[in-house]
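Written below as structure tokens is the structure these notes are about.
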Amino acid sequence: IPPFPAVLKKRLVKLVVNFLFYFRTDEAEPIGALLLEHCRITKEEENVFSISFIEEPERKYCFECATEEQCQEWVEALKRASYEFLRRSLIFYRNEIQKMTGKDPLEQYGISEEARFQLGTHRQ
Amino acid sequence: MKLNERSLAFYATCDSPADNSGFLYKRGERHTAYHRRWFVLKGNMLFYFEERESREPVGVIVLEGCNVELCDSAEDFAFAIRFGGTKSRTYVLAAESQAAMESWVKSLSRASFDYMRLVVRELEKQLQEMRWGLAGGCGGSQESPGAWKTKPSGLEQSRLPALPAIVPKENGCAVWNNALGAEQPPDTSGCGGHDDEGTPRPPPLPPRRRVSHEEAASAGTAVAESPSTFCRLHEQYSREVARLRQDWQQRRRGPRP
């Protein structure tokens, strides 16, 4: 599954937590990785999607997949791959459960006060 | 290995709130001298800067598959971030007070993406159970709190890229997806805010008794009905099973002459 602008190169790509690693197909160590925070995943033409980053929006990392179905799977997976997305999901669920039950679901795990789970901005 | 360093630097320095920040002493890799650095924890990334005002981080430690522990050191308030694997390094850091050390150890222990994902899945499941009325007097599943407080050790390194396709919308889920889009703050990254919430949902769990269950059931069944609600559900399931069994047996016997 090839990445990168201008020249298409065949690469093996692996999504691990919020990183997209890419390998030359016959090697065990990745050539590089993309951190997937503050990025935009865009479906381009058939079988193709691109990743661009907020601080450099014109630069697109293009990926061509073998099939359109695979392409869709990648787009969905990558959109959910950021830590910040997870954090927003957590805050949303926490809020929903609290609205329904009147109780904070994180209390029973002893993590209600953790900075990372707080609604809205928190400054240190 | 190449990294999109500009993006990393952006993440480190942008406005998004840090999960922890402060000065820590970091022991050098080759020499045992400690250097005072400004540390910023965002998500599963621990960035460090030469100075608090520095515009770019000097380095970053990705907090996946690691253990955070106190360690013996000539330096007071020292702790270590330890990675598995022979090639991996152990980072020794020291805080400037007991309180700071404890705060850092706590926030670093829970910083991994994996941990966050675990918590999200659990809440997702809880919400799901509530909406389907299973948690209603019967109690939902109870993982032991201990399982939560300890870090999941290790990381599934080779997670396959192809996640299963989006779960078809059910009544409860459709509402979430819309609400998720509506209630999120505007998302500059365009990444994920309006999408279907994530991972494929497992089939509904059979009701299990929750140890400290006091929650009012969202489905409206009172908590006091706990045994009878369970019995009712048990009965429903058994009727369904009986019916399925009957169908299957009839099919096996084949059409009657």
Side-chain angles (χ1 to χ4, degrees), chain A residues 1 13-19 29-42 53-56 69-70 72-74 76-90 92-97 100-103 105-106 108-111 114-117 121-124, chain B residues 1-4 6-8 10-11 14 16-22 43-45 62 64 107 110-114 116-117 119-120 123-124 126-127 130 145 148-149 155 157-159 161-163 165-166 176 179-180 183-184 188-193 195-199 212 214-216 218:
Chain A
I1 304 171
V13 173
K14 264 192 192 182
L15 175 62
V16 181
V17 297
N18 49 350
F19 281 95
E29 291 292 316
I31 315 169
L34 295 175
L35 171 67
L36 300 168
E37 299 293 337
H38 298 290
C39 62
R40 167 169 254 121
I41 315 292
T42 315
F53 294 89
I54 197 172
E55 76 282 354
E56 207 183 359
E69 192 190 357
Q70 233 180 41
Q72 292 292 354
E73 282 179 358
W74 272 104
E76 290 312 313
L78 291 169
K79 280 182 174 172
R80 285 175 246 141
S82 75
Y83 190 100
E84 297 304 324
F85 174 80
L86 270 188
R87 196 206 302 270
R88 285 196 299 269
S89 307
L90 186 146
F92 173 76
Y93 291 136
R94 182 188 189 184
N95 207 36
E96 284 298 294
I97 293 173
M100 289 175 91
T101 66
K103 268 182 76 173
L106 297 185
Q108 73 173 131
Y109 306 121
I111 52 179
E114 288 271 324
R116 67 170 55 85
F117 303 133
T121 57
H122 50 278
R123 297 233 169 253
Q124 294 286 329
Chain B
M1 192 189 76
K2 269 174 71 181
L3 270 182
N4 52 333
R6 266 182 81 172
S7 307
L8 266 141
F10 177 81
Y11 187 43
C14 75
S16 71
D19 297 320
N20 206 343
S21 59
N44 57 346
M45 311 263 138
V62 180
E64 295 295 331
S107 53
R110 297 182 185 136
S112 74
F113 187 97
D114 270 355
M116 183 60 100
R117 184 160 46 193
V119 179
V120 170
L123 292 193
E124 204 178 6
Q126 274 186 35
L127 194 56
M130 279 161 54
W148 282 102
K149 294 194 175 140
L155 167 70
Q157 285 299 335
S158 50
R159 179 145 302 151
L163 289 183
I166 305 295
W176 300 348
L180 190 69
E183 288 188 38
Q184 296 303 330
T188 49
S189 74
C191 185
D195 289 324
D196 292 358
E197 165 38 45
T199 50
S212 57
E214 281 161 18
E215 290 150 0
S218 61

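Chain naming here is simple, since letters A, B, ... match the order of the sequence lines and numbering starts at 1 in each.
Of the atoms belonging to A:I31, it is backbone heavy atoms, and not side-chain ones, that fall under 4.5 Å from chain B. For chain B, no part of A:Q72 is nearby; none of its heavy atoms comes within less than 4.5 Å. Residue contact with chain B, scored on non-hydrogen atoms closer than 4.5 Å, is absent for A:E69.
Annotation for B:C14 and A:H38: closest pair SG-NE2, 3.7 Å, computed over non-hydrogen atoms. Shortest non-hydrogen contact noted between B:M1 and A:A33 is CE-CB, 3.9 Å. Of all the heavy atoms in A:L90 and B:M116, the pair that sits closest is CD1-SD, 3.5 Å.
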Where do B:Y11 and A:E84 land on the side chain to side chain donor-acceptor pair (under 3.5 Å) test, with the steps shown first?
-> CA-CA 11 Å; B:Y11 187 43; A:E84 297 304 324; 2.7 Å; yes
Dump the intermediate steps for side chain to side chain contact (heavy atoms under 4.5 Å, CB included) on A:N18 and B:M45, then the final yes or no.
-> CA-CA 10 Å; A:N18 49 350; B:M45 311 263 138; 4.3 Å; yes
Can you check side chain to side chain contact (heavy atoms under 4.5 Å, CB included) on A:V17 and B:N44, steps first, answer last?
-> CA-CA 10 Å; A:V17 297; B:N44 57 346; 4.3 Å; yes
Stepwise side chain to side chain contact (heavy atoms under 4.5 Å, CB included) check, B:V62 with A:L35 | CA-CA 11 Å; B:V62 180; A:L35 171 67; over 6 Å; no
May I have the step-by-step check of side chain to side chain contact (heavy atoms under 4.5 Å, CB included) for B:F113 and A:V16, ending in yes or no?
-> CA-CA 10 Å; B:F113 187 97; A:V16 181; over 6 Å; no
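Put simply, OH on A:Y83 and OG on B:S112 are 7.5 Å apart, with the number rounded to the nearest 0.5 Å. A distance of 8.0 Å separates CG in A:L36 from CG in B:N4, rounded to the nearest 0.5 Å. Distance check: B:E124 CD to A:I97 CD1 gives 10.0 Å after rounding to the nearest 0.5 Å. Rounding to the nearest 0.5 angstrom, the gap separating the CD atom in B:Q126 from the CD atom in A:Q108 is 6.0 Å.
Remark: A:E114 engages A:I111, A:R116, A:F117, B:K106, B:R110 in a side-chain contact (heavy atoms from CB on, under 4.5 Å) (not counting sequence neighbours).
Looking at heavy atoms from C-beta onward, A:M100 lies in side-chain contact with B:L127 at the 4.5 angstrom threshold. Residues B:L3 and A:L34 are not in side-chain contact: their nearest non-hydrogen atoms beyond the backbone lie 4.5 Å or more apart.
Here the side chain of B:D19 pairs no donor or acceptor atom with the backbone of A:A115 at under 3.5 angstrom.
Side-chain atoms of A:E55 and B:S7 form a donor-acceptor pair, as typed in the model, at a separation below 3.5 Å.
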